[in-house]
Amino acid sequence: MNATVLEVRDLRTHFGQAKAVDGVSFSVARGEVLGLVGESGSGKSVTGFSIIGLVDPPGTIVGGQIVFDGRDITRSSREEMRALRGRRMAMIFQDPMMTLNPVLRIDTQMIEAVQAHENVSRTDARARARDALGMVGIPSPDERLQAYPHQFSGGMRQRVVIAIALLHQPDFIIADEPTTALDVTIQAQILAEMQKLVAQNNTSLIWITHDLAVVSRLADRIAVMYAGRIVESGPVSDVLARPLHPYTAGLIDSVPSRNQRGERLRQIPGMAPSVARLPTGCAFAPRCPRADAVCAQAVPLFAAGPREHRCVHPLPELRV
Amino acid sequence: MTAAVVRRLLQAVMVMLAMTVIVFIAINVIGDPVDILISPDADQIERARVVQALGLDLPLWQQYLRFLWAALHGDLGESYVYNEPAIRVILERLPATLELAVAAILIAIVVGVPLGLYAGLRPDGILTRVIMTVSILGFSLPTFWVGLVLIMFFGVQLGWLPSGGRGQTAELFGVQWAFLTKDGLAHLILPAVNLALFDACLILRLTRAGVAEVLPLDFVKFARAKGLKETRVIGVHVSKNIMIPVVTIIGLEFGSIVAFSVVTESVFSWPGMGKLIIDSINVLDRPIITAYLMATVAFFVIINLVVDLTYTALDPRVRLQGEGP
Ligand SMILES: Nc1ncnc2c1ncn2[C@@H]1O[C@H](COP(=O)(O)OP(=O)(O)OP(=O)(O)O)[C@@H](O)[C@H]1O
Ligand SMILES: [Mg+2]
């Protein structure tokens, strides 16, 4: 774990008035797994799409830098970005039922992915596709190449998608809740598989999820997003054991397994704010038990060693 | 697959049979051809002779059975006007209508699909707004009126294109075709454009709607995430998904075009089936009308079958009914 593969600096991606991502900074080292967590609508997916240059209109990156391979790719041309996507960076989506084109065979969809970046024959591309399918644990890959997506189960489809993401051994993969749509056993298998594969290739992984349990198993570091910003980040075990930001603490407390049997599930009171009307200060303040007048002012980034947070009243280091 | 096709064919036969009943009864309701065929000053004996010769004195059900029996042998009666087998008269006119319809569909596709793609990809463009406005006009203007305007403008005012008839023809597979000669082709343009207008607009709007629907889907985004070129994303991933409704419409509209060619053929004096049927209705030439209707039904049935088969080729998720799980 050493060289930085990707560095995002003060990224701002807005959809008109809606500041979906508003000042996100983080970096990922080679081979590192970063868990990006946060409530629905906090801007996790938009962050991912910003990095690979596929933000849906009317969204645009209005500020910040995404430094990859020594250059700011927010300034790259469309063609430069296309040449990076799929080859040096890959993205996996949430719903494997929707990710593959229903009317094209698996081989078509894999061969085109190989040939998009390398001048190889169909036969060679096909062989690469077959090997990739074998690698992600799909039985009789030669036959399965001929099949259409609907002939696969959800879990198998997500494996195909992962195989496609791995075709060019990218520097990093952004996985946007890739197991949320799958049932628990399949989820566990895919997690284990994914962990093994990125470790083998020393690929960095940005794993977007709601699920703190997944993050604790999989990630090296965690970044917690709230209303378009990262409010806390650090090594995953530290952050989960001793959260500094009250929002992180709230997230941890609302994980079902941490609650006592028979007790009501604890929830963070209130609702996530609309990203169209964010306060100048801490966006979490209205829901925060520790908030006071100071929180209405802009919050700087506090950093101590590997841990960073944006809270003027962080929780005491030791929590039981 | 084979079982499914056989089933479809059986269904088709049933449809055809039902149609014979409807056509036969309808034809008997619309008037007595004897009045038209015989000069008003013919006497009773002459009249009775004609009625008997045509078999019009028999009870209706007997007439129907005779008709059905003959139809099964490919005999739909002899035209009162041409004194030739009706089926032959129809088939002689079929190539003219067919080439007009095919030309119209081709024009509709070549114009409609690219413009629809453009409009779908640039929903806010100025050109898109122009295209969509024009397409509404194309929908709502009556075919015969557009035909007359085309004739007046390109035929009469500018004198660029002939405005009536089929021009020279040349033979291919023992059939005369206009599109094989330069003169015939020039004659084909205006009626084909006229006939294509409605369907070009329909295909355009359908393509645009399809693009708007498919573009935000995850698999399009994933195709881009793989680093595919935009031409491939649109040309393969998007197009293949929107082709399904477009092919259906093209298939169904091909039938309508044959039906609508009645108007266009009359406006442009195009000697096809459409013009023939109008002339035949005017003189109540029953066998021709019957043969025309039967031929049209057969045509629709065949097209539906072809569309169904194309479906399975385009969409792997669709399996023909009766094929099993
Ligand atoms: N296509 C879009 N048009 C307008 N606004 C959008 C669009 N996509 C995202 N947004 C805005 O960005 C915000 C963040 O969306 P994003 O999809 O990144 O959330 P998320 O953290 O991934 O949530 P989830 O966990 O539900 O996937 C949304 O609340 C929405 O306001
Ligand atoms: Mg998301």
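In what follows, chains are A, B, ... by sequence order, proteins preceding strands, each numbered from 1. Below, all heavy atoms of this structure are taken into account, side chains as well, without hydrogens, waters or symmetry copies.
Open room surrounds CD1 on B/Ile126; 12 or fewer heavy atoms of other groups in view lie less than 6.0 Å from it. The number of heavy-atom neighbours closer than 6.0 Å to CD of A/Gln146, taken from other residues, nucleotides and ligands shown, is above 12. Residue A/Glu79 qualifies as enclosed at atom CD: its count of foreign heavy atoms under 6.0 Å is above 12.
Of all heavy-atom pairs between A/Thr108 and B/Arg232, the closest is CG2-NH2, 3.8 Å. Between A/Leu104 and B/Lys240 the shortest heavy-atom distance is CD2-CD, 3.9 Å.
By the side-chain contact (heavy atoms from CB on, under 4.5 Å) test, B/Ile189 is found to be paired with B/Leu161, B/Val193, residues two or more places apart in sequence or in another chain being considered. In this structure, the side chain to side chain donor-acceptor pair (under 3.5 Å) partners of A/Asp72, at least two apart in sequence or on a different chain, are A/Thr74, A/Arg75.
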Show which side-chain atoms of residues 116-125 of chain B pair as donor or acceptor with protein atoms under 3.5 Å away, not counting sequence neighbours.
none

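Proximity to chain B (any heavy atom under 4.5 Å) is shown, for A/Gln109, by both the backbone and the side chain. When heavy atoms are compared at a cutoff of 4.5 Å, A/Ile52 approaches chain B solely by way of its side chain, counted from C-beta outward.
By number of non-hydrogen pairs under 4.5 angstrom with chain B, the leading residue of A/Ile92, A/Thr99, A/Asp56 is A/Thr99.
At a heavy-atom cut-off of under 4.5 Å, chain A is reached by B/Leu217, B/Asp218, B/Phe219, B/Lys221, B/Phe222, B/Arg224, B/Ala225, B/Lys226, B/Gly227 from residues 212-227 of chain B, listed in order of number.
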